[in-house]
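Scroll down for the structure; my scribbles are underneath it.
These values consider heavy atoms only, across backbone and side chains, with no hydrogens, waters or symmetry-generated copies. In what follows, chains carry the letters A, B, and so on, assigned in the order in which the sequence lines appear, proteins first and then strands, with residues in each chain numbered from 1. Predicted model, so just to flag it, every value in this text is computed and none were measured.
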Amino acid sequence: MTGRNFFPGGLSVKFALTITAVVAGVAFTIGAVTVTLDLQRFQHELENKALLLAHTVAVTASEDILRSDSWSLYKSLRNMTNQIPKEMYDTRILTGMIQNPEGIVLAHLNPSENPIGMQPFLPNDLEERLFIASKKALSPTILNSGISLGGFLEGVVPIYSDEKLLGVVRVRLSYDELFLKAQRSILIILGLTLAMVILGSLLGGTISRRITRPLRAMTEGIEAVGRGEISNIKPVPVYQDDELGVLALAFNKMAKEMAEKKSLEDQIAVSEKMVALGRITAGVAHEVNNPLAGMLNCIDTMKQHPDDPELVKRYLPLIDKGLTRIKNIVESLLIELRIEEAHGLDNSTSLDELRGIVESEINGCNIDLVWENHLCDDVILNKRRVQQIVLNLLKNSIQALQDKGTVIFRTFQKDEYVILEVSDNGPGIPAKYKNQLFDPFFTTKTNGTGLGLWIVYRLVESMQGVIEVESELGMGTQFRVTLPAIEMSI
Amino acid sequence: MKSWTVFLCLFVFLSTSTSGSTRAEELNTTNSTETIRFGLTAVVMRENLRFLDQWAYYLKKKIGQPVEFVRRRSYREVMDMLKTGSLDFAWICGFPFVHKRDPEFIKLLSVPIYNGKPLYNSYIIVHKDSPYQSLDDLKDKIFAYSDPESNSGFLYPQYLLLNKSSNKDTFFRHSFFTFNHAETVEAIAEQFADGGAVDSYIWDYMKEFRPEVTDKTRIINTSPAFGFPPIVARVGVDLEVVWRMKNAIMEMNDDPNGRKFLDGLKLDGFGEAPPNLFENIRQMALKVQNVNSKPNLASLNTSANSVTKE
């Protein structure tokens with residue numbers, strides 16, 4: 001049972017996964033939005049800083065450009081880098097330059113690669129693109145290489161004197177800090193998300209266990225019912241006053257009621273058995289007592305007149321008849337003993353042997369017997385048992401017809417079963433008797449023992465067969481016995 | 001004690017500089033409260049403010065009059081201020097000193113003694129990693145001059161270019177002035193310029209105090225010895241004041257405190273200028289100016305007055 005506490009696709013797993021996914025999703029979304037907003041703000045600040053730095057250079061540059069004072073231009077760029085205090089961790093000036101409108105370098109912070117009087121060094125397409133864009137900048141502009149490690153943005157501020165464009169200042173700030181900051185933020189977010197996932201899964205697991213525990217207990221209970229262990233169902237623990245609690249209560253109530261019902265049924269079954277036993281005892285007593293009284297009378301009379309041979313001649317057959325009747329009753333009651341002993345097997349034609357017996361029974365009566373044995377010769381039957389069944393049913397029908405009518409005996413094979421049908425067009429069985437039809441000593445006939453149908457029922461049952469009765473008042477009765485063919489050979 | 005001295009120096013400096021007016025100076029009065037204005041050019045390290053304040057205080061003690069050091073960006077400005085009387089004394093370069101002036105408005109006061117002689121050189125320097133070995137290698141390169149009126153920082157390299165085949169104005173692809181020898185060294189060290197001309201005294205001075213800058217440079221040419229940038233007095237200044245100033249600076253070597261200032265300046269002392277000290281500069285200037293074909297520059301001051309004890 002322990003293995004069944006965990007289902008790979010079970011509610012507890014689904015629930016835990018769902019909660020985890022939701023928690024992770026929320027944590028990640030909030031984190032991503034925060035990081036994005038933070039980075040946007042940071043980038044905006046960086047852009048402003050680049051433009052501001054470029055402005056500080058541009059302000060003094062026009063005079064120096066007009067005087068061709070390269071050294072002063074260079075110094076103003078150099079001073080710009082010194083303006084940034086070290087505490088401004090997020091700003092690193094990668095380079096700065098002053099170009100004339102044709103793009104010729106007037107001063108560059110990396111002078112060895114970008115000597116004055118020449119175009120700046122353009123080692124790649126990006127530099128080329130930025131260079132062209134910077135020449136077109138007629139108002140303060142931001143250019144950038146895209147956020148990446150080694151990436152940068154550039155504040156480009158044109159230098160005007162009396163509305164004449166003298167050149168542009170380009171100040172390039174590194175994106176590295178931004179990138180690293182983004183990386184750090186993302187790592188923090190991922191860490192938080194992971195923590196949330198763990199927390200969520202623990203929470204989900206706990207909650208789902210609490211939810212599914214009563215369900216599991218109920219499942220076990222229902223399985224026990226399936227196995228028939230109704231009186232043995234453990235009550236489902238009720239943890240909370242919610243829907244599941246209500247369900248558990250309902251289940252416990254149902255289990256309790258079922259257990260009570262089962263115990264009641266058991267009691268009824270026992271008392272029914274006692275009733276049946278009582279009926280049998282009463283029947284035996286009655287059936288045996290009747291001939292016994294007659295016989296005791298005879299013996300009593302013979303005792304009084306021991307020398308009267310007439311009495312012996314007259315009473316002895318009566319005593320014989322009485323004892324025979326008692327013997328028959330006892331034999332009928334011990335039918336199971338008899339059939340246990342009866343192992344004689346024969347083919348289906350053995351049934352036809354009964355025809356003569358039955359015909360002799362109806363001799364002198366206005367009864368038609370229709371005999372239709374459709375079984376093949378190779379069907380093997382337990383001769384004694386089947387003969388007893390058929391004979392009892394036929395006798396029953398003949399007696400029910402009261403000297404007039406038709407009795408039909410029909411046999412045939414259907415799939416794995418052998419069907420025996422005995423029908424008559426007699427008065428039919430009143431509905432009130434249907435439940436007692438197969439009870440021992442139940443009879444409506446004056447001289448019947450009430451054991452015929454009871455014997456049929458016991459025999460059919462012993463061969464795991466089924467007996468069905470269809471009867472309608474005034475129309476007739478049909479008994480149908482269905483026996484599994486395989487059982488026939490046993 | 002030291003901080004107290006500095007404080008006092010600053011106090012004196014501030015109070016004198018606010019009370020002194022340029023108009024008053026032009027009156028050449030001997031009033032002992034009158035501030036003596038001493039002009040400084042790129043021939044010395046002008047950035048060491050505390051040192052200069054202390055030196056001014058020392059001179060004040062010696063002369064009996066407040067002394068104020070006045071810094072200007074270019075030699076030209078200092079010369080103009082001497083001419084207009086805004087300065088009483090100035091430490092100028094040999095090149096402006098040999099210029100013809102009519103009427104003459106300066107006279108030689110003293111010449112610093114450097115490494116035992118009143119002489120210095122011009123260095124042509126390049127970046128230490130550059131392949132350049134001579135001035136010829138710097139053709140079509142970027143060159144940094146210090147001041148258009150500097151001997152070591154402009155005249156000497158101009159003179160060298162006279163011997164080159166191409167025009168001295170187009171020999172370099174681009175040239176500029178830093179107006180400061182120290183900044184010329186920086187320009188080379190930072191590779192803003194491929195080559196430059198500097199005062200040997202300044203370069204050596206920097207080599208001691210800012211070796212991280214000079215270590216990035218390499219000397220490819222050393223000029224012949226030239227007369228060290230002299231200290232001059234304006235002609236109109238009271239002779240008594242001039243005499244006291246001359247004594248004050250020339251006796252610094254004999255004074256323990258004065259010696260400290262000389263050590264700070266990396267000089268041996270101040271002395272009398274030998275005859276024809278600036279002759280080679282004059283000759284160079286003549287040659288360069290002849291090429292420039294500027295008639296008024298052909299005649300140079302051949303015999304600048306010298307302050308002598310009367």
Side-chain angles (χ1 to χ4, degrees), chain A residues 53-54 57-58 60-84 86 92-123 159 166-172, chain B residues 42 46-47 72-77 125-132 137-148 150 153-154 157 169-198 202 210 212-213 216-218:
Chain A
L53 287 168
V57 175
T60 55
S62 62
E63 187 65 25
D64 294 331
I65 292 174
L66 289 172
R67 283 195 281 118
S68 300
D69 192 344
S70 307
W71 182 244
S72 291
L73 289 174
Y74 177 71
K75 278 205 292 186
S76 60
L77 284 177
R78 211 171 56 170
N79 291 342
M80 170 191 76
T81 64
N82 296 336
Q83 271 172 16
I84 296 185
K86 289 210 164 47
R92 190 159 66 86
I93 297 180
L94 288 178
T95 194
M97 71 191 91
I98 302 170
Q99 289 167 191
N100 74 7
E102 287 74 44
I104 301 300
V105 172
L106 299 176
H108 200 294
L109 276 176
N110 183 9
S112 62
E113 276 187 354
N114 303 276
I116 41 182
M118 291 181 161
Q119 266 195 3
F121 179 51
L122 305 172
I159 307 162
L166 299 179
V168 288
V169 180
R170 298 168 64 184
V171 174
R172 189 171 287 187
Chain B
R46 293 170 292 183
E47 290 74 23
R72 284 296 179 269
R73 188 172 182 234
S74 65
Y75 291 56
R76 171 73 70 191
E77 287 168 89
I125 57 172
V126 294
H127 192 266
K128 73 166 171 48
D129 296 332
S130 70
Y132 316 124
D137 296 335
L138 291 172
K139 183 167 165 59
D140 292 328
K141 297 289 182 290
I142 302 164
F143 197 84
Y145 296 112
S146 42
D147 190 298
S150 162
F154 183 66
D169 295 328
T170 57
F171 180 79
F172 301 116
R173 178 162 55 78
H174 184 84
S175 63
F176 60 88
F177 294 100
T178 63
F179 293 96
N180 189 326
H181 287 289
E183 288 183 20
T184 301
V185 183
E186 286 171 15
I188 310 302
E190 292 170 26
Q191 290 181 294
F192 187 67
D194 298 306
V198 290
I202 298 289
R210 292 172 64 193
E212 73 282 358
V213 181
K216 287 186 188 145
T217 63
R218 177 160 54 84

### Query
Who wins among Ser175(B), Ala193(B), Ala187(B) for the most heavy-atom pairs under 4.5 Å with chain A?
Ala187(B)
### Message
Arg67(A) vs Phe177(B), test: side-chain contact (heavy atoms from CB on, under 4.5 Å). Steps then yes/no.
### Response
CA-CA 11 Å; Arg67(A) 283 195 281 118; Phe177(B) 294 100; over 6 Å; no
### Query
Counting only heavy atoms not in Arg76(B), do more than 12 fall under 6.0 Å of its CZ?
no
### Query
Do you know which two heavy atoms are closest between Ile116(A) and His174(B), and how far apart they sit?
CD1-CD2, 3.1 Å
### Query
What are the two closest heavy atoms between Pro111(A) and Glu190(B), and how far apart are they?
CG-O, 2.9 Å
Please tell me if the side chains of [X] and [Y] come closer than 4.5 Å, counting only heavy atoms from C-beta onward.
X: Glu113(A); Y: Gln191(B); value: no
X: Ser112(A); Y: His127(B); value: no
X: Arg78(A); Y: Phe192(B); value: no

### Query
What part of Asp69(A) gets closer than 4.5 Å to chain B, counting heavy atoms only: side chain, backbone, both or neither?
side chain
### Query
Quick one: OG1 on Thr184(B) to CH2 on Trp71(A), what's the gap to the nearest 0.5 Å?
7.5 Å
